[in-house]
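Residue numbers begin at 1 in each chain, while the letters A, B, ... track the order of the sequences.
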Amino acid sequence: MRMKTILPLLIFGLAAGMLPAAAQEKLTIYTYESFTADWGPGPKVEEAFEAECGCDLEFISVADGVALLNRVRLEGENTKADIVLGLDTNLIHDAKETGLFVPHDVDLGRIDVPGGYEDDVFVPYDYGYFAFVYDTEAVSAPPASLKELVESDSDLKIAIQDPRTSTPGLGLLLWMKAVYGGEAATAWAKLEDKVLTVTPGWSESYGLFTSGEAPMVLSYTTSPAYHRIAEDSERYKAAAFEEGHYLQIEVAAKTATGAGNPLADQFLSFMTGPGFQDVIPETNWMFPAGQTSQPLNPVFGDLVQPARALLFTPEEVAANRKAWVDEWLAVMSQ
Amino acid sequence: MTRSTSFNGRIAAGAFALAAIAFLVGGAFAGLLVEATGDWRGALAAFDPYLVRVARFTLWQALLSTVLSVIPAIFVARALARHPRFFGRSFILQLFAVPLALPAIVAALGVLALYGRAGYFAPVFSALAQDRWPGIYGLSGILVAHVFFNLPLAARLLLAALENIPTNQWRLSAQLGMGARASFRFIEWPVLRAALPGVAGLVFMLCATSFTIVLTLGGGPRATTLEVAIYQALRFDFDPARAIALTLTQVALTALIVAAMGRLGASVTGDASLPASPRRALFPGNSEKLANAAIILTALAFVAGPMLATVLAGLQSELSRLAQEAAFLAALRTSLIFSASSAALCLLLSIALVMARRALEIRRGGGSIGPFEQMTDTGAMLVLIVPPIIIGAGWFILLRHLGDVFAFAPMMVITVNAVMAMPFTVRVLRPAHDAASARHEKLCLALGIGGWNRVRLVDWPSLRGPAGTAFAFAMALSLGDLGVIALFGSDQVQTLPYLLLQRMSSYRTADAAGLALFLGLLCMVLMFLAGRWGKERA
């Protein structure tokens with residue numbers, strides 16, 4: 001070890017020795033913003049975990065899952081993050097390529113996500129299904145399948161997101177691919193007439209939807225739960241599609257930095273249990289991937305129950321994403 | 001003091017300001033180059049036919065938006081200049097600054113609330129077309145939104161130029177019995193023509209780099225700008241090489257067009273006579289009064305419409321709860337501190353640049369413009385074309401080895417916003433400064449006034465009013481922007497627009513509408529204070 005690294009360690013050691021009370025153990029987690037917002041899961045999760053571990057949990061948040069991966073990628077091995085929480089399965093492949101994440105020690109037996117889940121690095125904490133959410137005051141007979149949405153002659157209009165800039169946008173692209181396969185380009189050409197606009201992110205689309213401009217929007221099956229629980233409104237509903245709905249699983253993993261911190265494993269294991277999972281449904285508006293101590297609010301039971309969960313593996317997505325986005329672009333920009 | 005030293009100080013100040021901009025942009029590129037170790041061949045492969053179409057569309061929509069914003073703005077500015085006592089004039093001018101501070105999505109929703117598929121005017125349009133109104137998606141939507149943003153901006157900047165016409169010229173025109181047409185041709189047009197290339201260039205750059213508006217109102221990926229491709233390259237594909245290649249393309253193409261616009265303009269020699277009478281002598285005839293009133297009211301209706309829709313949406317939110325929230329108060333404080341700091345920095349740099357340009361112009365006499373002078377003029381504006389996300393990412397890479405990058409986040413936001421606002425503030429300051437310089441330069445030389453004394457006694461009094469406006473402009477602009485940290489985010493920079501977008505992205509659209517209302521109000525207050533401050537003692 002060179003002098004340069006020894007000296008700070010020495011000073012740190014001295015300081016820690018002199019101030020034993022301040023030398024509380026600390027866990028740093030990088031996540032996305034809506035997780036740490038006042039109304040998000042962050043504050044409650046922090047409280048519950050700190051009570052359990054007697055340590056200090058610090059969340060550092062960036063805009064969204066993609067920004068999260070970029071930030072860790074740029075910080076490289078110097079990252080302060082012990083854990084990165086908030087990537088989804090579509091990002092897992094790229095994340096593994098960075099070599100910055102290490103295998104977990106968590107028993108995935110407590111994890112229950114549709115279609116099952118196996119990974120030695122990433123641990124799921126919640127999931128949701130993409131769905132078209134409609135305004136019952138504007139749409140009386142929503143399409144019953146993706147095929148009906150694509151092929152019918154109705155003058156229904158939808159707001160969707162750009163797969164080049166948005167996670168749900170990419171979700172719809174994969175959904176179409178899962179249902180139509182090689183015919184996806186033709187299907188997009190048909191769907192195009194119904195597309196009111198393609199926004200850069202979810203919030204713009206949803207803003208158009210709630211302002212009444214778009215009668216139907218690409219969102220999640222859980223969106224109506226927010227309106228029912230937080231606003232006591234039944235105006236917005238998700239349309240159930242016969243072919244099934246595309247799944248999004250959100251995951252967390254330990255970094256190389258966190259490998260040396262025993263709190264990291266403790267947190268990942270905590271994450272799969274009730275202390276964390278109880279908080280998720282009504283703060284992150286997703287389904288819990290682990291056990292909760294009580295049944296969910298009955299509103300969640302009334303939501304669309306997809307006939308099938310559609311999901312490509314991270315490898316399939318990584319291998320095809322560019323080609324599929326280009327195919328979409330070619331059709332949609334004619 | 002010799003003539004040359006009096007110039008050297010000013011030129012050095014300008015050189016410093018330019019160096020600061022170059023450092024900011026160059027540093028970002030350097031950072032990205034460090035990261036872009038690999039694939040330059042891949043970066044070149046990005047220039048496929050699709051991208052060529054994107055580039056063409058980017059320039060085409062920007063050109064149309066510029067023409068549609070700037071030409072009406074000429075008439076609006078002129079009408080406002082000829083009616084200094086028009087009812088509600090200062091309110092209109094304050095209102096004209098609000099679009100600057102609004103996040104693009106708020107403006108887009110405001111525009112759609114009127115002209116959208118379910119907008120207030122949809123029943124009228126449907127009845128006229130005898131078919132269901134599809135909304136203004138497509139090129140028309142992009143143009144309407146861009147004009148909403150830029151017509152008021154261009155009108156204000158052109159008005160700033162018109163207000164520097166010396167009073168005696170107005171008086172003379174009145175004495176000679178010049179009608180509206182003659183005074184436009186001999187008095188207003190020369191000044192406007194000098195200001196137009198700069199203003200049009202600015203508007204062009206803003207439209208060329210438009211992102212949210214183009215995607216949301218454009219209706220789909222047919223309407224895509226290079227900015228979207230850059231964002232995608234850096235954010236989703238994390239390909240710094242391609243991001244740099246695209247940014248350079250964007251800068252080169254835009255610079256070409258802006259340079260071409262510059263050739264259409266003309267430089268005017270300032271009037272060296274001192275303003276003798278404080279009040280303008282304007283006696284427009286009744287028909288002109290009526291026409292001008294119609295022009296002003298039409299522009300007002302166009303600009304105020306979407307804002308009114310925003311206000312109505314905002315009023316439906318729980319404003320009093322929102323105003324008491326700790327998160328709101330903290331964001332308000334952060335916003336005010338950040339935007340005031342960046343406005344102050346921006347003002348300093350802009351004044352340095354404006355003075356240097358003028359000094360260079362005087363020194364060369366009638367010769368042709370050198371590259372340095374060109375840089376102090378339009379060159380520095382090109383910074384607007386470099387996407388903030390590039391600057392943020394580049395500096396992140398450079399700074400990451402210096403400890404916690406996010407300790408630098410507030411500094412980054414302040415600096416980048418200051419530099420990004422410079423093209424605006426320079427437009428506001430330059431006409432006033434150059435006019436004053438034309439009047440005072442010889443006097444200062446004769447009396448041997450230079451250095452700090454000159455700034456304090458001679459330059460500042462005539463710059464004070466425009467400086468107030470420029471400061472408020474810069475503050476409004478910085479209030480609305482968060483592009484720099486878009487890629488990485490940071491908890492330390494939770495400003496009002498940040499809070500607004502955060503609420504929007506977690507179902508709280510009503511809160512977001514309320515915050516947009518507060519943001520607009522804040523902007524109005526800033527403009528009001530700037531106007532008051534400029535008038536005192538001026």
> Residue by residue, which of residues 322-330 of chain B have a heavy atom closer than 4.5 Å to a heavy atom belonging to chain A?
Replying inline: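 If one takes a 4.5 Å heavy-atom cut-off, the residues of residues 322-330 of chain B near chain A are B/A327.
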
What part of [X] gets closer than 4.5 Å to chain B, counting heavy atoms only: side chain, backbone, both or neither?
{"X": "A/S166", "value": "backbone"}
{"X": "A/D64", "value": "side chain"}
{"X": "A/K80", "value": "side chain"}
{"X": "A/T165", "value": "both"}
{"X": "A/S223", "value": "both"}

Heavy-atom pairs under 4.5 Å with chain B: which of [options] has the most?
{"options": "A/G201, A/A330, A/G212, A/P200", "result": "A/P200"}
{"options": "A/E192, A/E231, A/R164", "result": "A/R164"}
{"options": "A/T199, A/L91, A/L329, A/T210", "result": "A/L329"}

>> Parallel, tilted or perpendicular: which one describes the rings of A/F300 and A/W285, with boundaries at 30° and 60°?
In response: parallel

Keeping the roles fixed (side chain from [X], backbone from [Y]), state whether a donor-acceptor pair exists under 3.5 Å.
{"X": "A/S205", "Y": "A/V217", "result": "no"}
{"X": "B/Q316", "Y": "B/A313", "result": "no"}
{"X": "A/T136", "Y": "A/R235", "result": "yes"}

> Measuring heavy-atom distances to chain A, does B/L109 have an atom under 4.5 Å in its side chain, in its backbone, in both, or in neither?
Replying inline: side chain

>> What part of B/S505 gets within 4.5 angstrom of chain A, counting heavy atoms only: side chain, backbone, both, or neither?
In response: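 Both backbone and side chain.
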
> Going by heavy atoms in the side chains, are B/R321 and B/D511 under 4.5 Å from each other?
Replying inline: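 Yes, at least one pair of side-chain atoms sits under 4.5 Å.
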
> Any side-chain heavy-atom pair from B/W133 and B/F121 closer than 4.5 angstrom?
Replying inline: no

> Do you know which of A/Y206, A/W39, A/Y236 makes ring pair (Phe, Tyr, Trp, His ring centres under 6.0 Å) with B/Y507?
Replying inline: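 It is A/Y206; the other options fail the test.
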
> B/I105, B/T216, B/I397: which one forms the most heavy-atom pairs within less than 4.5 Å of chain A?
Replying inline: B/T216

> Quick one: is the NZ or CZ of B/R222 closer than 6.0 Å to the six-membered ring centre of B/F57, and within 45° of its axis?
Replying inline: no

>> Taking side chain to side chain contact (heavy atoms under 4.5 Å, CB included) as the criterion, tell me which of A/L74, A/T28, A/T257 meets it with A/T79.
In response: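 The single option meeting the side chain to side chain contact (heavy atoms under 4.5 Å, CB included) with A/T79 is A/T257.
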
>> Assess the residue pair A/D232 and A/R228 against the criterion (salt bridge (Lys or Arg N to Asp or Glu O under 4.0 Å)); give the C-alpha distance rounded to whole Å, side-chain angles, the decisive distance to 0.1 Å, and a yes or no.
In response: CA-CA 4 Å; A/D232 199 23; A/R228 277 189 61 183; over 6 Å; no

>> Check A/D155 with B/R132, please: is the shortest side-chain N to carboxylate O separation under 4.0 Å?
In response: no

